[in-house]
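Here the structure comes first, spelled out in structure tokens, and everything after it is commentary.
Proteins get letters first, then strands, A, B, ... in listed order; numbering begins at 1 in each.
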Amino acid sequence: MARITSSVYTSHVPAVGAALDLGKTAEAYWQPVFKGYDFSKQWEKEQKPDVIFLVFNDHATAFSLDLIPTFAIGTAAEFQPADEGWGPRPVPKVIGHPKLAAHIAQSVIQDDFDLTIVNKMDVDHGLTVPLSLMFGQPQAWPCPVIPFAVNVVQYPPPSGRRCFMLGQAIRKAIESYDEPLNVQVWGTGGMSHQLQGPRAGLINKEWDKAFLDRLIDDPEGLSKVPHLEYVREAGSEGIELVMWLIARGAMSDLRGGKKPTVRHRFYHVPASNTAVGHLILENN
Amino acid sequence: MSLDKPYTDIPGTTIFDADKSREGYHLNQFCMSLMKAENRARFKANERAYLDEWPMSEEQKQAVMARDLNRCIALGGNIYFLAKIGATDGKSFQQMAGSMTGMTEDQYRDMMVKGGRSIEGNRKIGEKK
């Protein structure tokens with residue numbers, strides 16, 4: 001059977017992608033950001049995941065205001081890096097896992113989570129920047145990826161609670177898949193940041209650090225934090241952090257297993273407008 | 001009953017909710033069109049003519065031409081859509097975000113390097129620092 005071996009959490013700042021693509025990673029400004037992922041790249045080489053279930057948000061790229069799905073699962077064979085207005089990032093195309101994705105969709109919908117199924121979608125920096133941070137700049141991504149897009153553009157996004165419960169349904173779905181796959185679930189976006197209005201540039205380190213602590217030790221309690229607290233304390237775009245609760249909900253301690261091991265934790269301010277947070281949790 | 005909007009007391013922040021989305025539909029869809037290289041070229045060649053192809057309000061068109069992002073947001077624009085205008089102009093997200101704060105590009109960058117805008121005094125309108 002397939003199993004979830006670990007979950008990975010990371011911010012997805014577009015400027016991080018630009019810094020990588022333009023060869024600026026050694027610059028004094030960017031060095032501390034990328035250093036935080038040195039361990040992670042090595043760890044991924046050892047882990048050799050078969051599939052990554054990647055929770056991210058689309059930034060008005062695949063979904064305009066014509067269609068705003070709250071939860072959308074990518075079931076296509078491949079996904080092209082999108083032109084977000086700067087031209088597409090020079091990164092490999094993303095290979096999907098249509099069979100596992102369809103299995104997850106069928107299982108999760110029957111568990112009362114009404115997913116939108118997407119058979120054609122370009123993927124933006126929300127998905128490709130985390131891949132770059134974790135795998136560097138390979139000719140091809142090392143494994144298939146199932147993109148799972150969450151609406152955080154138009155308010156309200158799904159609640160933290162809903163995301164957390166969805167993660168649990170996703171775990172159940174993955175563990176009922178017959179092939180013996182090593183699956184990682186990633187939650188991306190955040191941490192505190194605000195990109196709009198006179199309050200742009202907001203960072204709240206104490207809140208972010210408490211979020212990381214609670215994500216590790218008290219995800220159940222954290223899942224009850226209302227939208228308003230995210231927006232007020234972590235900025236209008238900090239609300240992306242609800243996506244981390246999907247990945248956390250997929251960990252096995254939520255069904256009576258042992259607590260996960262914290263393999264890596266990193267926090268840095270700033271990357272462009274944003275606080276960068278990163279965690280790796282391994283199932284026990 | 002009207003919708004509960006507990007987020008209207010956050011200073012310097014506009015939450016892009018269903019009402020804003022309805023107001024800004026055409027403005028945001030115009031922005032979306034700039035994801036195609038040929039549309040970026042047509043927009044750059046004649047902004048007014050390109051904007052006139054969209055059923056946007058005159059105010060929205062003026063705000064776009066002035067690159068007044070705060071005004072665009074007040075009129076229903078969403079930052080992820082408005083970012084396509086910035087990309088067309090060759091601006092980074094940091095330049096765009098900074099332009100809404102009344103700070104110069106350098107001041108904004110310095111603030112971020114020093115840890116960003118503090119939350120103290122910025123949680124609620126009228127809050128004392």
Side-chain angles (χ1 to χ4, degrees), chain A residues 13-15 18 28-29 57-66 68 82-88 122 124-126 152-156 192-208 226-237 239 269-275, chain B residues 5-7 9-18 20-22 24-26 28-29 31-37 40 69-70 73 77-88 90 92-94 96-103 108-109 111-119 122-124:
Chain A
V13 192
Y29 182 90
N57 69 286
D58 178 77
H59 302 77
T61 303
F63 304 115
S64 69
L65 291 185
D66 283 340
I68 309 170
D83 180 350
E84 297 176 59
W86 291 268
D122 288 349
D124 71 13
H125 73 270
V152 295
V153 172
Q154 180 169 322
Y155 191 95
S192 60
H193 67 304
Q194 176 153 337
L195 302 176
Q196 52 113 346
R199 200 173 76 139
L202 186 89
I203 298 286
N204 191 342
K205 285 184 193 175
E206 286 71 32
W207 194 90
D208 285 342
H227 284 144
L228 185 61
E229 182 177 324
Y230 287 88
V231 173
R232 197 184 296 286
E233 296 287 336
S236 49
E237 280 64 54
I239 202 159
V269 176
S272 186
N273 306 286
T274 306
Chain B
K5 297 188 179 185
Y7 41 80
D9 67 347
I10 303 173
T13 304
T14 304
I15 298 300
F16 186 70
D17 60 14
K20 280 280 151 213
S21 181
R22 199 168 51 248
Y25 179 72
H26 293 294
N28 290 315
Q29 294 300 79
C31 293
M32 201 73 194
S33 75
L34 298 178
M35 286 176 68
K36 292 206 170 96
R40 294 197 284 272
L69 296 184
N70 280 325
I73 286 174
N78 170 276
I79 188 59
Y80 291 130
F81 289 86
L82 297 171
K84 320 292 183 201
I85 304 173
T88 302
S92 72
F93 233 115
Q94 186 165 61
M96 285 183 259
S99 80
M100 290 179 270
T101 62
M103 304 168 89
Y108 184 83
R109 187 183 157 98
M111 175 182 79
M112 293 316 300
V113 169
K114 287 178 185 143
R117 183 183 306 284
S118 169
I119 185 68
N122 278 314
R123 289 185 175 89
K124 211 167 178 172

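Across every non-hydrogen atom of F81(B) and F63(A), the tightest pair is CZ-O, 4.4 Å. Closest of all the heavy-atom pairs between A200(A) and A97(B) is CB-O, 3.8 Å. In terms of heavy atoms, P198(A) sits closest to T101(B) at O-CG2, 4.0 Å.
Between I119(B) and W207(A) the shortest side-chain heavy-atom distance does not fall below 4.5 Å. For the pair E237(A)/Y80(B), a side-chain contact is recorded, criterion being any heavy-atom separation below 4.5 Å from C-beta on. In this structure the side chain of K84(B) reaches within 4.5 angstrom of the side chain of T61(A), judged on heavy atoms.
Without hydrogens or angle criteria, Q196(A) side chain to T14(B) main chain gives a donor-acceptor distance under 3.5 Å.
Donor-acceptor pairing under 3.5 Å is recorded for the side chains of Q154(A) and S21(B). Donor-acceptor pairing under 3.5 Å is recorded for the side chains of N273(A) and Y108(B).
For M35(B), the parts sitting under 4.5 Å from any heavy atom of chain A are the backbone and the side chain alike. Neither the backbone nor the side chain of S99(B) comes within contact range of chain A; no heavy atom of the residue lies under 4.5 Å from a heavy atom of that chain. Heavy atoms of R40(B) lying under 4.5 Å from chain A belong exclusively to its side chain. Residue contact with chain A, scored on non-hydrogen atoms closer than 4.5 Å, is absent for L69(B). Residue D17(B) touches chain A through both its backbone and its side chain, counting heavy-atom pairs closer than 4.5 Å. Looking at M103(B), neither its backbone nor its side chain comes within 4.5 Å of chain A, counting heavy atoms on both sides. Of the two parts of E233(A), the backbone and the side chain both hold a non-hydrogen atom closer than 4.5 Å to a non-hydrogen atom of chain B. Using a 4.5 Å cut-off between heavy atoms, M32(B) touches chain A through its side chain atoms alone.
Rounded to the nearest 0.5 angstrom, L195(A) CG and I73(B) CD1 are separated by 9.5 Å. Summarising the geometry, atom OH belonging to Y25(B) is positioned 7.0 Å from atom CG belonging to L65(A); distances are rounded to the nearest 0.5 Å. With values rounded to the nearest 0.5 angstrom, K5(B) atom NZ is found 10.5 Å from Y155(A) atom OH. Atom CD1 in I10(B) sits 5.0 Å away from atom CZ in R232(A) (nearest 0.5 Å). Rounding to the nearest 0.5 angstrom, the gap separating the CD1 atom in I203(A) from the CZ atom in R117(B) is 10.5 Å.
For the set T88(B), L34(B), V113(B), the entry with the most heavy-atom pairs within less than 4.5 Å of chain A is V113(B). No other option in G12(B), P11(B), A37(B), C31(B) has as many heavy-atom pairs under 4.5 Å with chain A as G12(B). Annotation: maximal heavy-atom pairing with chain B below 4.5 Å, among A15(A), A60(A), A275(A), occurs at A60(A). When each of D9(B), I79(B), T13(B) is checked for heavy-atom pairs under 4.5 Å with chain A, T13(B) comes out on top.
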Q) So Q29(B) and S64(A), side chain to side chain contact (heavy atoms under 4.5 Å, CB included) or not? Walk me through it. A) CA-CA 7 Å; Q29(B) 294 300 79; S64(A) 69; 3.2 Å; yes
